[in-house]
Structure formats: C-alpha cells, structure tokens
Amino acid sequence: AQSVTQLDSQVPVFEEAPVELRCNYSSSVSVYLFWYVQYPNQGLQLLLKYLSGSTLVKGINGFEAEFNKSQTSFHLRKPSVHISDTAEYFCAVSSYTGRRALTFGSGTRLQVQP
Amino acid sequence: DGGITQSPKYLFRKEGQNVTLSCEQNLNHDAMYWYRQDPGQGLRLIYYSQIVNDFQKGDIAEGYSVSREKKESFPLTVTSAQKNPTAFYLCASRTVGYNEQFFGPGTRLTVL
C-alpha cells in the first residue's frame, strides 16, 4: 500500500519570493514520484517526475524537486514565483508494476500575492 | 493535436438517474484510468483498464461501472447506487512502459 502526505494545505507567498511545497510518501515497494499542477476547473498537468538517476529533477515553469530516499520526501521548489503560479499542486506516486495507478496527496494550494 | 477529451464539461443529474461520462484519447495509449476529485482531497482511483475488453476496480468503484470496447474510449457510468456522486471526474491515460499519465480536462457532475 502507498500513501502520500502533503504537509501544507495552503501556502501564501509574495511574488518573486522562493517557495517550497512539501511531500512525504510511504510505500512498501519502490515507487516513481510526480508533481502535478491543476488550475481551476481544469485537468492536471505534469510538472516533473522522478523515475531514477539524479535525485534533483527539473520540470516545467522553473520548478524543481529533490528526491530524498532516506526521508521518503519529494519536496517541490521554485526560487522565484509569479502570480501565474497560483494553482493547486499535487504530489503523487505510482508503483513500478501492477496497475500503476497514481496515489495522490490531498494537494497544496499555492497563493501568490503581489 | 493529440490528447484526451472528456464530455460534457458540466453535467447535472437528478437523484436516481444513471449518467455516463465520456473519455476519448487519440494518443494510442493502452491504459486508461478514472479518478474522482472532491474538494480538499486528492484524486482517488475509481476504475482502470490496461487493455481493451479488460478493466479492474480501483479504490472506490462502488456505484460506478465502465466499459472498454475500443482502445480510444473508456466511458464511466455513475449509477443511482452511488450515494454521493457530486464531484469532479478526471480521466487519464498512459502508454505501456511509461508511468506518466496524461489527464483530460475533467467533468464536473452535480446531483440536483
């Protein structure tokens, strides 16, 4: 079984400030890790993914995340946010085999203020 | 332009009615998934299908049914047995050998 915990339900931040959205996971098997973004009333768009290799992964829109196996974390970061980054962000995991469905965290609402 | 389409965008249902949500993809993906999203919660898996004519229950399948007669299509029926169907429904697909899922724009279902 897998579970994902997003530690902050809302993160307010001022424009051009750095931000970190936290994600921890639990799994009895090895997993792939993902961050998705959702704008209001839309589907999900993939920001970045960790499959293997370098633990620092870069994604779209200037986002990056670092996989920490010992802490079972996959925190998302951006050095300078824009108003347009205001959205809901979801961390998710999937197993290597089997149904490969995504198990999601409950989401973090990033609110960028001018 | 390849992608996933879902229709309708908004759907209203009276209690006791069955409704069907459409999901079509032209990405030539083998696997397709249905997720349900409720406010303040992440997405939860309803059903999935990894090949045509085969599908499996997810974590919250009660009150839902699906079919997979064509590779491109994976419709979801919300039956009257689903006690609280008001939610945002998202369809996704994935190709064999890859774990990344692509999502459709969603259907918002409201029970009147």
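Predicted, not measured: the structure shown is a model, and the values here were computed from it. Sequence lines set the chain letters: A, B, ... in the order given, protein chains first and strands last, and positions in each chain run from 1.
Linking Ile, Leu, Val, Met, Phe, Trp and Tyr residues whenever their side-chain heavy atoms come within less than 4.5 Å leaves A/Val57 and A/Phe90 in two separate clusters. B/Phe88 and B/Val111 are members of different hydrophobic clusters when ILVMFWY side chains are connected at heavy-atom separations under 4.5 Å. In the hydrophobic clustering of this structure, B/Leu11 groups with B/Leu76; members are Ile, Leu, Val, Met, Phe, Trp, Tyr whose side-chain heavy atoms approach within less than 4.5 Å, directly or through other members. Cluster annotation: A/Val81 is connected to A/Val37 through the hydrophobic network of ILVMFWY side chains, with a link wherever side-chain heavy atoms come within less than 4.5 Å. Both B/Trp34 and B/Val78 sit in one connected hydrophobic cluster of ILVMFWY residues. Membership requires side-chain heavy atoms under 4.5 Å apart, directly or through other members.
Panel note: side chain B/Tyr35, backbone A/Leu102; a donor-acceptor pair is recorded below 3.5 Å.
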Q. Is there a side-chain contact (heavy atoms from CB on, under 4.5 Å) between B/Tyr98 and A/Lys49 once you walk through the steps?
A. CA-CA 11 Å; B/Tyr98 291 86; A/Lys49 59 191 175 188; 5.6 Å; no
Q: Take A/Tyr36 and B/Leu43, measure what side-chain contact (heavy atoms from CB on, under 4.5 Å) needs, and give me the verdict at the end.
A: CA-CA 11 Å; A/Tyr36 283 87; B/Leu43 284 69; over 6 Å; no
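Looking at A/Ser95, the atoms closer than 4.5 Å to chain B (heavy atoms on both sides) all sit in the backbone: N, CA, C or O. Of the atoms belonging to B/Arg94, it is side-chain heavy atoms, and not backbone ones, that fall under 4.5 Å from chain A. Contacts between A/Glu88 and chain B at a heavy-atom distance below 4.5 Å are absent for every atom of the residue. With a 4.5 angstrom heavy-atom cutoff, A/Leu46 touches chain B only via side-chain atoms.
Counting heavy-atom pairs closer than 4.5 Å to chain A, the top-ranked of the candidates B/Gly42, B/Gly58, B/Gly106 is B/Gly42. In terms of heavy-atom pairs under 4.5 Å with chain A, the best-connected choice from B/Gln6, B/Lys9, B/Glu100, B/Gln50 is B/Glu100. When A/Leu44, A/Thr103, A/Leu51 are compared by the number of non-hydrogen pairs under 4.5 Å with chain B, A/Leu44 comes out ahead.
Residues A/Gly43 and B/Leu90 come closest through the heavy atom pair CA-CD2, 3.7 Å.
Separating the CZ atom in A/Phe104 from the CG atom in B/Leu45 is a distance of 9.5 Å, to the nearest 0.5 Å. Atom-to-atom distance recorded for B/Gln101:CD and A/Phe34:CZ is 7.5 Å, nearest 0.5 angstrom.
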